Student: 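Would you mind keeping the following structure in view while I ask a few things?
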Amino acid sequence: MKFSLFADIHHHPGVFEGGTDEELEFIQQRAEKEGASFIIHAGDFCHGPSLCPDYVKKYNDFHIPSYHCLGNHDSDATSYAETLKAYNMPDGHYFFDCEGYRFIVCDPNYYYLDGEYVHYDLGNYFKHGALRDYMPPDQLVWLEKTIDKAPGPCILISHESFEREADGVKNQEEVRAIFARCNARRKNAVLMCINGHHHRDNLRILDGVLYFEINSAAYDWVENAHDCYPKELCEKIKLLNHTVVYNDPIHAIVTLEGTTITIDGMESSMFMGINRKETGVNRIYDAAGRPVYPRVQSARITMG
């Protein structure tokens with residue numbers, strides 16, 4: 001079976017370049033051509049669906065089933081409850097079964113303050129950077145039960161990473177311990193984990209699970225503002241000078257056959273030829289040593 005996968009398209013007109021209707025249509029048309037059973041994104045689809053109801057509707061109403069995963073920015077301008085409603089999500093975490101596989105959407109978008117796990121809601125997490133990105137205990141219990149009851153191998157999708165030690169989900173070791181227990185009880189119970197958020201393209205096999213960090217479909221964030229793009233364009237697009245942008249919405253078609261995972265990615269190029277080094281940043285690597293390129297890699301891997 002095949003599914004279409006993308007992340008971090010960041011539809012936010014007037015703020016970010018990219019994430020346009022045409023780019024979403026590009027992803028949808030490729031899914032159609034490839035015969036994908038569904039489309040799913042790994043978070044940061046838009047910065048609050050109340051800002052862009054037509055864009056959300058274009059995704060939700062596509063004739064191929066289209067699923068959401070919450071990112072840290074999806075409820076920036078819309079309440080968490082309203083975002084769930086707009087995205088047709090039963091909760092921040094849920095699952096669905098397709099052709100013998102179970103797809104589990106996780107929600108690590110919580111910060112831990114004064115003994116309480118608080119969900120991201122209307123930008124409330126911005127002032128709690130060190131306390132962010134947790135999976136609450138009740139969701140951990142739910143996750144283990146959901147994996148154990150699955151009809152076949154499980155594919156997990158989350159925005160934040162369960163694999164990045166330095167800057168991933170804070171209690172990721174508890175999550176990976178669940179994977180280990182489930183895989184000990186049933187071989188290949190957890191086959192693959194997908195995340196977005198970091199705008200990087202990386203594959204890693206850890207304890208028998210394939211971790212796929214999928215690149216942003218739109219851009220990479222640059223902390224310090226630069227002046228590489230034309231002034232008149234930056235006046236129209238508020239945060240353009242904090243990004244380096246991809247010319248195409250890079251994403252993947254993932255094919256599952258037994259325990260074999262085939263990723264058909266794609267490559268693009270940099271908008272106006274501007275990359276991180278052009279902006280004055282000396283390195284193209286992030287804290288995890290992962291470089292920025294306008295691509296989603298292709299691979300074929302048989303697990304186990």
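The structure presented is a predicted model; accordingly, all values stated were derived computationally and were not measured. Below, all heavy atoms of this structure are taken into account, side chains as well, without hydrogens, waters or symmetry copies.
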Student: So which of Arg200, Arg164, His197 actually passes side chain to side chain donor-acceptor pair (under 3.5 Å) with Glu213?
Tutor: Arg164

Student: Is the shortest side-chain heavy-atom distance between His159 and Leu70 below 4.5 Å?
Tutor: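 Not touching, per the 4.5 Å side-chain cut-off.
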
Student: Given side chains that start at C-beta, do those of Leu156 and Val190 come closer than 4.5 Å, heavy atoms only?
Tutor: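 Yes, side chains in contact.
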
Student: For the rings on Phe271 and Tyr246, is their centre-to-centre separation under 6.0 Å?
Tutor: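 No, the ring centres sit 6.0 Å or more apart.
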
Student: Could you walk me through whether Tyr134 and Tyr111 pass the ring-ring contact (aromatic ring centres under 6.0 Å, His included) test, one step at a time?
Tutor: CA-CA 6 Å; Tyr134 277 94; Tyr111 63 88; 9.6 Å; no

Student: With a sphere of 6.0 Å drawn around CD of Glu173, does it hold more than 12 non-hydrogen atoms of other residues, nucleotides or ligands?
Tutor: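 At most 12 heavy atoms, drawn from other residues, nucleotides or ligands, come within 6.0 Å of this atom.
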
Student: Should Trp221 and Leu239 count as side-chain neighbours, where that means a heavy-atom distance under 4.5 Å?
Tutor: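 Yes, at least one pair of side-chain atoms sits under 4.5 Å.
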
Student: Would Arg102 and Phe95 count as a cation-pi pair here, with the cationic atom under 6.0 angstrom from the ring centre and within 45° of the axis?
Tutor: yes

Student: Answer yes or no: is there a side-chain heavy-atom contact under 4.5 Å between Cys193 and Phe212?
Tutor: no

Student: Any salt bridge linking Lys57 with Asp61? Criterion: basic side-chain nitrogen under 4.0 Å from a carboxylate oxygen.
Tutor: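 Salt bridge: yes.
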
Student: Tell me, please, which residues at least two apart from Val244 pass side-chain contact (heavy atoms from CB on, under 4.5 Å).
Tutor: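 Scan of Val244 (side-chain contact (heavy atoms from CB on, under 4.5 Å), adjacent residues dropped) gives Asp220, Val222, Tyr229, Met270, Ile274, Arg276, Thr279.
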
Student: Verify salt bridge (Lys or Arg N to Asp or Glu O under 4.0 Å) between Glu163 and Arg290, making sure each step is shown before the conclusion.
Tutor: CA-CA 13 Å; Glu163 167 269 327; Arg290 296 173 187 177; 2.5 Å; yes

Student: Pair Tyr120, Tyr125 - check ring-ring contact (aromatic ring centres under 6.0 Å, His included), show working.
Tutor: CA-CA 6 Å; Tyr120 300 172; Tyr125 64 92; 4.5 Å; yes

Student: Does the gap between the ring centers of His199 and His10 come in under 6.0 Å?
Tutor: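 Ring centres of His10 and His199 closer than 6.0 Å.
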
Student: State whether the number of non-hydrogen atoms from other residues, nucleotides or ligands found under 6.0 Å of Glu223 atom CD is greater than 12.
Tutor: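 At most 12 heavy atoms, drawn from other residues, nucleotides or ligands, come within 6.0 Å of this atom.
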
Student: Determine whether Met1 and Met192 fall in the same hydrophobic cluster, where Ile, Leu, Val, Met, Phe, Trp and Tyr are linked whenever their side-chain heavy atoms lie under 4.5 Å apart.
Tutor: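 Linked within one cluster.
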
Student: Above 12 or not: heavy atoms from other molecules or residues under 6.0 Å from CD of Glu257?
Tutor: no

Student: Do any N or O atoms from the side chain of Ser298 and from the backbone of Gly265 form a donor-acceptor pair under 3.5 angstrom?
Tutor: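 The answer is yes, because a donor-acceptor pair under 3.5 Å joins these two groups.
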
Student: Check Glu144 with Arg176, please: is the shortest side-chain N to carboxylate O separation under 4.0 Å?
Tutor: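 No, this pair does not count.
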
Student: Taking Asp74 for the side chain and Gly71 for the main chain, is one N or O donor matched with an acceptor at less than 3.5 Å?
Tutor: yes

Student: Name the one of Phe62, Tyr59, Tyr101, Phe3 that satisfies ring pair (Phe, Tyr, Trp, His ring centres under 6.0 Å) with Phe38?
Tutor: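 Output: one option passes, namely Phe3.
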
